[in-house]
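First the proteins, then the strands, lettered A, B, ... as listed; each starts at 1. If you're wondering where the values come from, they're calculated on a predicted model, not measured in any experiment.
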Number of protein chains: 4
Amino acid sequence: MKGAIMEQSIELFANKGFKETSIQDIMDVLNVTKGTFYYYYKSKEEVLMDIQYQYINRLLDSQEKIIHDEETSYQEKLHEIIFKLLNDIEKEGLRAKVFFREMRHLTNEHLNQIMEKRDQFKENIQLVVEEGIKKGEFRSDLPPNIVTFGILGMANWSYFWFKPEGPIPDVEVAKIFYKMLLEGIEKKE
Amino acid sequence: MKGAIMEQSIELFANKGFKETSIQDIMDVLNVTKGTFYYYYKSKEEVLMDIQYQYINRLLDSQEKIIHDEETSYQEKLHEIIFKLLNDIEKEGLRAKVFFREMRHLTNEHLNQIMEKRDQFKENIQLVVEEGIKKGEFRSDLPPNIVTFGILGMANWSYFWFKPEGPIPDVEVAKIFYKMLLEGIEKKE
Amino acid sequence: MKGAIMEQSIELFANKGFKETSIQDIMDVLNVTKGTFYYYYKSKEEVLMDIQYQYINRLLDSQEKIIHDEETSYQEKLHEIIFKLLNDIEKEGLRAKVFFREMRHLTNEHLNQIMEKRDQFKENIQLVVEEGIKKGEFRSDLPPNIVTFGILGMANWSYFWFKPEGPIPDVEVAKIFYKMLLEGIEKKE
Amino acid sequence: MKGAIMEQSIELFANKGFKETSIQDIMDVLNVTKGTFYYYYKSKEEVLMDIQYQYINRLLDSQEKIIHDEETSYQEKLHEIIFKLLNDIEKEGLRAKVFFREMRHLTNEHLNQIMEKRDQFKENIQLVVEEGIKKGEFRSDLPPNIVTFGILGMANWSYFWFKPEGPIPDVEVAKIFYKMLLEGIEKKE
DNA sequence: AATGAATGAGCTTTCATTCAT
DNA sequence: AATGAATGAAAGCTCATTCAT
């Protein structure tokens, strides 16, 4: 039941928003009464918190695996990170939506922890960029900080438009983004 | 007064969210009573609607000016569009925040119109990309649709992190993003 | 209306208790809707607070007047204080009930202030006792502190049993209590 | 377990109030689950009822012993009754608090019985006063009824201020009260 | 003897909105 | 143009109680 409540919450938070979703809404779908909610969670915010932690922890985990793979180049790591993000939308799209949009409804204490982890995620990408520059895989005349924000924006924004069931699959989009990033879109002779 | 209400609404919607801002909150700052609100606006949603239309219309206007400038290349147009978006954050950052985040609180009728305009904005960029390809300014082996989403993501995401008062000014960020996009981040030869 | 809400609140808090009285209960009697309550008071606790302050302030005021009357002896002052307390029950009985019984529902901040004032009330009586001892009006071999608690108990307890419409009027009860206190109940010679 | 539940209930009812104490609160301390409560008691009110009966019955018992002691004078009986009350606070203080403050939460049926016993307690003291008057131990010009309320108030009020661990022990306070009552506080030549 | 899950009624509070003045 | 009073619907949350296991 606890799991079911969370599943429903994600669904509803993603579609209607945290504030716009009432406990009633969540429990109606599960065909139990409102009171039951409070048997499993102390408050509405606690569900949100659980969702946020689960999401960012999983994301960081899979990211760390990619980064610490000794067999891959930094270019390959970047490619994989982008693919992973796109690929996630299929299974985790709703969670991601909730994560980015409803973050501000957390209490300060949790908000800070979550934001730290979110920043860590960005730092990890930046590390790949920086190491890649050192190893001569990426050009060195662009500030890694801004470059990273660019990459992050490209990938994250896809949550607003990418449809897994659309004509172009995640693998393809990731490949295109990777090419854009690496080679640029300028026509070369 | 009507203008003042809107100004305050933008400020508060941006900082606290649409749902989280009460009419009382808005009018408190203006030192008038809640009732006054309804002399100028029919409902809370109407203010939001006005904000959304104003924002997207201005954005589209300035975008169209850039696109239809006969004197500039498509590469230059792209650069300018990116710069314009970054530059906007300084003066229009709050509006932008409200635009992206609170869109869903519009009634269906207005939501559709707004989304159409938002899509138009994307179409315009895509047009620049497509024409640039035709004219040989951009490479032709990448789908303009996805490329455009990439560009849009890069630029729009800056609303989440770009601080106008930060160390790197909007001109610089725009230049870096432009270089990334055009030339790629790969180390050459 | 604000006054009416308070009047009703006193009535209901006294008869059913603070916790047991719902905002609904209060407003039902006034034939207005629950929402109206919050137009006049920020919270349920605020009404209680107002009641408590009003009560203790009035009580202290009238007490100070008695104490600082230069024309009366300390014995007379003691008599008057006791009478005043008994007399109050008629007009302020409900307030007194609420005061003693519902004090603990105040937030800490207010509770402290109220308790300070309540202690001041006791201190004032003790002062009369002490000064009376110095002036030779009261015997000096009993600790004023405990004596004061005794007096206070006698008088305050009457809130639990004294009925203004009963056979013995407040003047009489005060006189009897005063005699008991001054002369004792022992049969002399 | 049944005893443990009652012990905890007294503690919590005294400190937080009957309404303010949840079954959960009680069982949390005992490290068992809420459901267990209903194995031992039919309802929350039943515990309160048990507390009330236990308290008043014990009190009446010890009072009757004092009253029917053939060896003591009525003055001595009065002294003992007062001492007994003060002395009780140490071991039974919490019970007393609950008794006086939470009485109103009983259902009518039980409330009536409890109030009858409470009145009996007062009647018993009044009997001592009346018999003492007849025997010439107490003055006869004060109505026994009011005198009794005075004595009761003095003694009962100590629940609000008397601290067993304070500087003056129960024996002393009882003695002082007794002296006040018997001899009065007026300075004699 | 004890648990865990669920219920349902009730509570305080918030707030967009209406409207007579 | 603005105020002040009132409404009513809904929200988050608490909790005594029930009951199958």
Side-chain angles (χ1 to χ4, degrees), chain A residues 1-2 4-5 18-28 30-48 105, chain B residues 1-2 4-5 18-28 30-48 105, chain C residues 1-2 4-5 18-27 30-48 105, chain D residues 1-2 4-5 9 18-28 30-48 105:
Chain A
M1 173 61 59
K2 192 166 184 178
I5 292 175
F18 177 75
K19 257 276 158 131
E20 289 70 24
T21 302
S22 71
I23 308 282
Q24 192 66 259
D25 289 340
I26 300 167
M27 303 315 269
D28 274 359
L30 302 175
N31 270 320
V32 279
T33 52
K34 222 174 9 173
T36 301
F37 178 90
Y38 290 92
Y39 183 74
Y40 295 100
Y41 289 97
K42 277 217 306 290
S43 70
K44 196 179 164 188
E45 200 232 322
E46 208 193 52
V47 199
L48 182 60
H105 291 111
Chain B
M1 173 62 56
K2 192 165 182 177
I5 292 175
F18 177 76
K19 255 276 161 133
E20 288 72 23
T21 301
S22 69
I23 308 275
Q24 192 68 260
D25 288 339
I26 300 166
M27 306 313 270
D28 273 0
L30 302 176
N31 273 319
V32 279
T33 50
K34 217 173 16 171
T36 303
F37 178 89
Y38 290 90
Y39 184 76
Y40 294 101
Y41 288 98
K42 278 216 311 289
S43 72
K44 195 180 166 187
E45 200 233 324
E46 207 193 53
V47 199
L48 181 61
H105 291 111
Chain C
M1 173 62 57
K2 191 166 185 177
I5 292 175
F18 176 76
K19 257 275 161 134
E20 290 70 24
T21 302
S22 71
I23 308 281
Q24 192 65 260
D25 289 339
I26 301 167
M27 303 315 269
L30 302 175
N31 270 320
V32 278
T33 51
K34 224 176 2 178
T36 302
F37 178 89
Y38 289 92
Y39 183 74
Y40 294 99
Y41 289 97
K42 280 215 304 290
S43 71
K44 196 179 164 188
E45 199 233 324
E46 208 193 51
V47 200
L48 181 61
H105 291 110
Chain D
M1 173 61 57
K2 191 166 184 177
I5 292 175
S9 298
F18 177 74
K19 255 278 160 133
E20 289 71 23
T21 302
S22 70
I23 309 273
Q24 192 67 259
D25 289 339
I26 300 165
M27 305 314 270
D28 273 358
L30 303 175
N31 272 319
V32 279
T33 50
K34 216 173 15 171
T36 303
F37 178 90
Y38 289 91
Y39 184 76
Y40 294 100
Y41 288 97
K42 276 217 311 289
S43 70
K44 196 180 166 188
E45 200 233 324
E46 207 192 52
V47 199
L48 182 61
H105 291 109

Name the nucleic acid region contacted by B/Thr33, choosing base, sugar-phosphate or nothing; use a 4.0 angstrom heavy-atom cut-off, strictly under.
base
Given 3.5 Å as the limit, does a donor-acceptor pair link the side chain of D/Lys19 with the main chain of D/His105, or not?
no
For DNA chain F, find the residues of residues 36-47 of chain A with a heavy-atom distance under 4.0 Å and give them by number; none if there aren't any.
A/Tyr38, A/Ser43, A/Lys44
In dot-bracket notation, what is the pairing pattern of DNA chain E, taking Watson-Crick (N1-N3 plus N6-O4 or O6-N4) and G-U wobble (N1-O2 and O6-N3) contacts under 3.5 Å, with [ ] crossing and | for other strands?
.||||||||||||||||||||
What is the distance, to the nearest angstrom, from the CE atom on A/Met27 to the P atom on F/dA11?
15 Å
Under 4.0 Å from a heavy atom of chain A: give me the 5'-most and 3'-most nucleotides of DNA chain E that qualify.
E/dG4 to E/dG10
For a 4.5 angstrom cut-off between non-hydrogen side-chain atoms, does B/Met1 reach B/Ile5?
yes
For C/Glu45, what residues pass the salt bridge (Lys or Arg N to Asp or Glu O under 4.0 Å) criterion, not counting sequence neighbours?
none
With sequence neighbours excluded, tell me which residues meet salt bridge (Lys or Arg N to Asp or Glu O under 4.0 Å) with D/Asp28.
none
In Å and rounded to the nearest 0.5 Å, what is the NZ to CD distance from D/Lys34 to D/Gln24?
5.0 Å
Euclidean distance, atom CD1 of residue A/Ile26 to atom P of F/dA11 [Å, nearest integer]
11 Å
Considering residues at least two apart in sequence or located in another chain, which fulfil the side-chain contact (heavy atoms from CB on, under 4.5 Å) criterion with B/Thr33?
B/Thr36
5'-most by nearest nucleotide on DNA chain E - A/Lys34 or B/Ser22
A/Lys34
Taken to the nearest 0.5 Å, the spacing of A/Lys44 NZ from A/Ser22 OG works out to 7.0 Å
Figure out the CD/C1' separation between D/Gln24 and F/dC15, and round it to whole Å.
9 Å
To the nearest 0.5 Å, what is the distance between CD on C/Glu46 and CZ on C/Phe37?
8.0 Å
For D/Glu20 and F/dC15, what is the distance between atoms CD and P respectively, to the nearest whole Å?
10 Å
On DNA chain E, nearest-nucleotide positions of B/Phe18 versus A/Val32: which is more 5'?
A/Val32
Would C/Lys2 and C/Tyr41 count as a side-chain contact (heavy atoms from CB on, under 4.5 Å) if you check the C-alpha gap in whole Å, the side-chain angles of each, and the deciding distance to 0.1 Å?
CA-CA 8 Å; C/Lys2 191 166 185 177; C/Tyr41 289 97; 3.5 Å; yes
Given that D/Gly35 and C/Met1 both sit by DNA chain F, which one's nearest nucleotide is further toward the 5' end?
C/Met1
CD1/A/Ile23 to OG/A/Ser43 distance, rounded to the nearest 0.5 angstrom?
8.0 Å
